[in-house]
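Let me begin by presenting the structure, written as structure tokens, before commenting on it.
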Amino acid sequence: MQHPAKTSRVRLVAYWILTGYLAFESILSATWDFNWLNKGYAVGIMQRLGYPAYFLTIKGIGTLLAAPVFVLPGLRLLKEWAYFGTFVIYAGAIASHLAIRDSIGAFVAPILFLLIAVASWALRPASRRFPAISEVKS
């Protein structure tokens, strides 16, 4: 059995690796949403899924705002909202690809990013968690 301090350290390192990647992916995703890098690729995906192009601007603003919230200290309530929003985006992407019976390759990225977001959320240290109501009353 591993020593608790070593387990805690491994958990913290895993959290920061996943969270750093999540923040990076959020920024990169926003650059695609704003059409700065891909020059129409994301718009094509949105059209194929049946969403209007302006949805990318809304999504881009949300993901760009979430990126620093993931890594900055404090901001516990905003972190919960950032994780929730990220979860909804990737779960929605998976559902959208399923709805149009897209190829399996279209599911790889959203599933991977959803798993990264959930793992980052689950591994958060106590200092980055929003306290439960029972913890506030104590």
Side-chain angles (χ1 to χ4, degrees):
M1 189 166 153
Q2 283 189 335
H3 189 274
K6 185 175 183 179
T7 302
S8 179
R9 186 164 186 250
V10 169
R11 181 184 172 110
L12 188 62
V13 168
Y15 163 77
W16 278 111
I17 290 170
L18 291 167
T19 303
Y21 187 79
L22 182 61
F24 170 77
E25 163 53 30
S26 295
I27 293 168
L28 184 64
S29 174
T31 64
W32 283 52
D33 295 341
F34 297 139
N35 205 26
W36 294 338
L37 291 182
N38 62 17
K39 303 303 176 196
Y41 180 75
V43 173
I45 292 174
M46 287 295 120
Q47 288 173 342
R48 194 173 82 244
L49 293 173
Y51 294 106
Y54 68 80
F55 181 74
L56 287 168
T57 302
I58 297 166
K59 180 183 164 297
I61 291 168
T63 56
L64 194 59
L65 291 173
V69 171
F70 289 132
V71 296
L72 289 174
L75 308 172
R76 292 177 181 191
L77 182 58
L78 285 178
K79 280 184 196 335
E80 293 295 324
W81 281 100
Y83 278 113
F84 176 73
T86 301
F87 179 88
V88 168
I89 286 171
Y90 293 128
I94 294 165
S96 297
H97 287 290
L98 277 170
I100 65 164
R101 294 181 171 89
D102 219 341
S103 68
I104 195 71
F107 292 91
V108 173
I111 289 172
L112 178 66
F113 297 139
L114 179 65
L115 291 174
I116 290 169
V118 169
S120 171
W121 177 84
L123 293 172
R124 291 169 303 151
S127 64
R128 294 181 162 263
R129 294 176 184 259
F130 192 71
I133 293 173
S134 61
E135 294 171 3
V136 174
K137 289 182 179 179
S138 303

Are [X] and [Y] connected, step by step, through hydrophobic side chains (Ile, Leu, Val, Met, Phe, Trp, Tyr) whose heavy atoms are closer than 4.5 Å?
{"X": "Phe130", "Y": "Leu78", "answer": "no"}
{"X": "Leu18", "Y": "Val118", "answer": "yes"}
{"X": "Met46", "Y": "Leu28", "answer": "yes"}
{"X": "Phe55", "Y": "Ile61", "answer": "no"}
{"X": "Leu49", "Y": "Ile89", "answer": "yes"}

*Would you indicate whether the side-chain heavy atoms of Leu56 and Asn35 approach each other to under 4.5 Å?*
no
_Can you tell me how far apart OH (Tyr15) and OG (Ser8) are? Round to the nearest 0.5 Å._
13.5 Å
*Taking atom types as modelled and ignoring hydrogens, do the side chains of Ser120 and Tyr83 form a donor-acceptor contact shorter than 3.5 angstrom?*
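There is such a pair (donor and acceptor under 3.5 Å, judged by atom type) between the side chains of Ser120 and Tyr83.
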Over all heavy atoms of both residues, which pair between [X] and [Y] is shortest? Give the atoms and the distance, please.
{"X": "Ala67", "Y": "Ile27", "answer": "CB-CG1, 3.5 Å"}
{"X": "Lys59", "Y": "Ser29", "answer": "NZ-OG, 2.9 Å"}
{"X": "Ala122", "Y": "Arg11", "answer": "O-NH2, 2.9 Å"}
{"X": "Gly60", "Y": "Ala30", "answer": "O-CB, 3.6 Å"}
{"X": "Leu123", "Y": "Arg129", "answer": "C-NH2, 4.3 Å"}
{"X": "Ala66", "Y": "Ala82", "answer": "CB-CB, 3.9 Å"}

Throw together a table of side-chain donor-acceptor distances under 3.5 angstrom for residues 90-102, partners on residues two or more places apart or in other chains.
from   : atom 1 : to     : atom 2 : distance (Å)
Tyr90  : OH     : Glu25  : OE2    : 3.4
Ser96  : OG     : Tyr51  : OH     : 2.6
Ser96  : OG     : Gly92  : O      : 2.8
His97  : ND1    : Asp102 : OD2    : 2.7
Asp102 : OD2    : Arg48  : NH2    : 2.7

*Evaluate side-chain contact (heavy atoms from CB on, under 4.5 Å) for Ile17 paired with Tyr21, printing each intermediate quantity in order.*
CA-CA 6 Å; Ile17 290 170; Tyr21 187 79; 5.7 Å; no
*Only one of Leu114, Leu115, Ile116 forms a side chain to side chain contact (heavy atoms under 4.5 Å, CB included) with Leu112, so which one is it?*
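One option only clears the test, and that one is Ile116.
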_Run Arg124 and Glu80 through side-chain contact (heavy atoms from CB on, under 4.5 Å) and show every step you take._
CA-CA 11 Å; Arg124 291 169 303 151; Glu80 293 295 324; 2.4 Å; yes
_Flag if over 12 foreign heavy atoms under 6.0 Å of CZ, Phe24_ = no
*Does Phe87 CZ have over 12 foreign heavy atoms under 6.0 Å away?*
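12 or below, so no.
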*List for me each residue that meets salt bridge (Lys or Arg N to Asp or Glu O under 4.0 Å) alongside Arg128, sequence neighbours excluded, and say none if there are none.*
none
*Start with the C-alpha gap between Thr86 and Trp121, add the side-chain angles, then the distance that decides, and say whether side-chain contact (heavy atoms from CB on, under 4.5 Å) holds.*
CA-CA 11 Å; Thr86 301; Trp121 177 84; over 6 Å; no
*Run the side-chain contact (heavy atoms from CB on, under 4.5 Å) check on Val69 and Trp81 step by step: do they pass?*
CA-CA 9 Å; Val69 171; Trp81 281 100; over 6 Å; no
*Could you tell me whether a side-chain N or O of Lys79 sits under 3.5 Å from a main-chain N or O of Pro73, the two making a donor and an acceptor?*
no
